[in-house]
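As structure tokens, the structure follows; a few thoughts come after it.
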Amino acid sequence: MASSSAPFVFLALTLLCSFVALTAANFYQDFDITWGDGRGKMLNNGDLLSLSLDKASGSGFQSNNEFLFGKIDMQLKLVPGNSAGTVTAYYLSSKGSAWDEIDFEFLGNLSGDPYIVHTNVFSQGKGNREQQFHLWFDPTADFHTYSILWNPQRIIFSVDDTPIREFKNSESIGVAFPKNQPMRIYSSLWNADDWATRGGLVKTDWSQAPFTASYRNFKADACIWSSGASSCNLSSSTSSSWLSQELDTSNQDRLKWVQNNYMIYNYCTDAKRFPQGLPPECNTS
């Protein structure tokens, strides 16, 4: 009897394992591919997502949930080879004419030249807060973790747990800060060769298409917004640590290292752009 039941036990275990794999598939559960006519794909039971761009179209996805504060992690492997003209955008955004937004944009380049990591923060429809960086590794060779920490006091952009930018809440000096509008996660791969690479001088080489970026290991330790309410109790002393997280001394040093060695543009030092004076948050420590 025991031996005759073995195939049934094996089958049951196989079905159980299949169920666990499917229910653990983050991308199937957490995201929808929203455009691209089949150019966006969820693979490996939802453990992997890829976006592609060809001459006809790019592609994109968005999260099913909206968030109001959180620590958002995603591993990306960017378009390899000659990626000039392409942009891989990965960001949080609300809706409406006075939207909030927290941006990572990865601007492609000719083979051998470094990607530009473009960051921006919009609050109530106002952006113009760009900082740009090169990276200290090849972001096309393997997956790396790109993180946004967003709490009521600050926004921290990090790469592989190394902070590259901090945008503090400066409402006390009249600077709007994104804190009231829930945002979804979005990503898209699209052609922007009118501006993306060397100001539009280098165009997309369509003979290299399709261009593909890949995503895995999404994690959101975040407050989910649903039916006008948050899943977090922001006043509770037991709330998640990221809700009050700030940069400790070690991370402040790492931030300075990145900004001293890899920052290539900072709106806060662009006096020509702001002849009436730099934005007020630029004058804070």
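Computed over heavy atoms, backbone and side chain alike; hydrogens, waters and symmetry mates excluded. For clarity, every value in this text was computed on a predicted model and none was experimentally measured.
- Trp99 meets the ring pair (Phe, Tyr, Trp, His ring centres under 6.0 Å) test with Phe122; sequence neighbours excluded.
- The pair Asp205-Lys203 does not meet the salt-bridge criterion, since no charged nitrogen lies less than 4.0 angstrom from a carboxylate oxygen.
- Residues that satisfy the salt bridge (charged side-chain N to carboxylate O under 4.0 Å, His left out) test with Lys77, not counting sequence neighbours, are absent from this structure.
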Stepwise side chain to side chain contact (heavy atoms under 4.5 Å, CB included) test for Thr197 and Leu107: CA-CA 7 Å; Thr197 306; Leu107 312 186; 5.7 Å; no

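- If you check the side chains of Asp138 and Thr140, you find a donor sitting under 3.5 Å from an acceptor.
- Between the side chains of Thr212 and Ser52, at least one donor N or O lies within less than 3.5 Å of an accepting N or O.
- With no hydrogens or angles considered, no side-chain donor-acceptor pair links Gln131 and Thr119 at under 3.5 Å.
- Counting only N and O atoms by type, the side chains of Asp221 and Trp242 include a donor and acceptor under 3.5 Å apart.
- Remark: Arg216 does not engage Asp47 in a salt bridge, criterion side-chain N to carboxylate O under 4.0 Å.
- Of the N and O atoms on the side chains of Tyr267 and Glu281, at least one donor lies less than 3.5 Å from an acceptor on the other residue.
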Derivation and outcome, ring pair (Phe, Tyr, Trp, His ring centres under 6.0 Å), residues His144 and Phe137: CA-CA 10 Å; His144 292 269; Phe137 55 83; 3.7 Å; yes

Worked check of ring pair (Phe, Tyr, Trp, His ring centres under 6.0 Å) between Phe61 and Trp35: CA-CA 7 Å; Phe61 64 85; Trp35 64 284; over 10 Å; no

Side chain to side chain contact (heavy atoms under 4.5 Å, CB included) between Ile155 and Glu166, intermediate numbers included: CA-CA 6 Å; Ile155 295 163; Glu166 180 180 29; over 6 Å; no

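- One N or O on the side chain of Thr86 and one on the backbone of Ser83 form a donor-acceptor pair closer than 3.5 Å.
- When only modelled atom types and interatomic distance are considered, Asp248 and Ser250 share no side-chain donor-acceptor pair under 3.5 Å.
- For Lys179, the salt bridge (charged side-chain N to carboxylate O under 4.0 Å, His left out) test picks out Glu171, with sequence neighbours left out.
- Checked for salt-bridge contact, Glu66 and Lys95 miss the test: no charged N lies under 4.0 Å from a carboxylate O.
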Met42 and Tyr215: CA distance, side-chain angles, deciding distance, side chain to side chain contact (heavy atoms under 4.5 Å, CB included) verdict: CA-CA 9 Å; Met42 296 185 188; Tyr215 304 74; over 6 Å; no

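- Closest heavy-atom contact between Glu130 and Arg165: C-NH1, 4.1 Å.
- Once rounded to the nearest 0.5 Å, the distance linking CG of Asp193 with OG1 of Thr204 reads 4.0 Å.
- When the ring pair (Phe, Tyr, Trp, His ring centres under 6.0 Å) test is applied to Trp195, no partner is found at least two apart in sequence or on another chain.
- Taking 4.5 Å as the limit, some side-chain heavy atom of Phe218 sits within range of a side-chain heavy atom of Ile72.
- A ring-ring contact (aromatic ring centres under 6.0 Å, His included) check over residues 148-187, counting only residues at least two apart or in different chains, returns the pairs Phe69-Trp150, Tyr91-Tyr186, Phe104-Phe157.
- Taking 4.5 Å as the limit, every side-chain heavy atom of Asn44 sits out of range of all side-chain heavy atoms of Phe27.
- Donor-acceptor pairing under 3.5 Å is recorded for the side chains of Ser123 and Arg129.
- Gln259 has its side chain within reach of Leu255: a pair of non-hydrogen atoms, C-beta onward, lies under 4.5 Å apart.
- Applying the ring pair (Phe, Tyr, Trp, His ring centres under 6.0 Å) test to His118 and every residue at least two apart in sequence or in another chain returns nothing.
- Listed for the Asn251 side chain is no donor-acceptor partner under 3.5 Å among the backbone atoms of Arg254.
- Looking at Ser188, its side chain never comes within 3.5 Å of a backbone N or O of Ser59 through a donor-acceptor pair.
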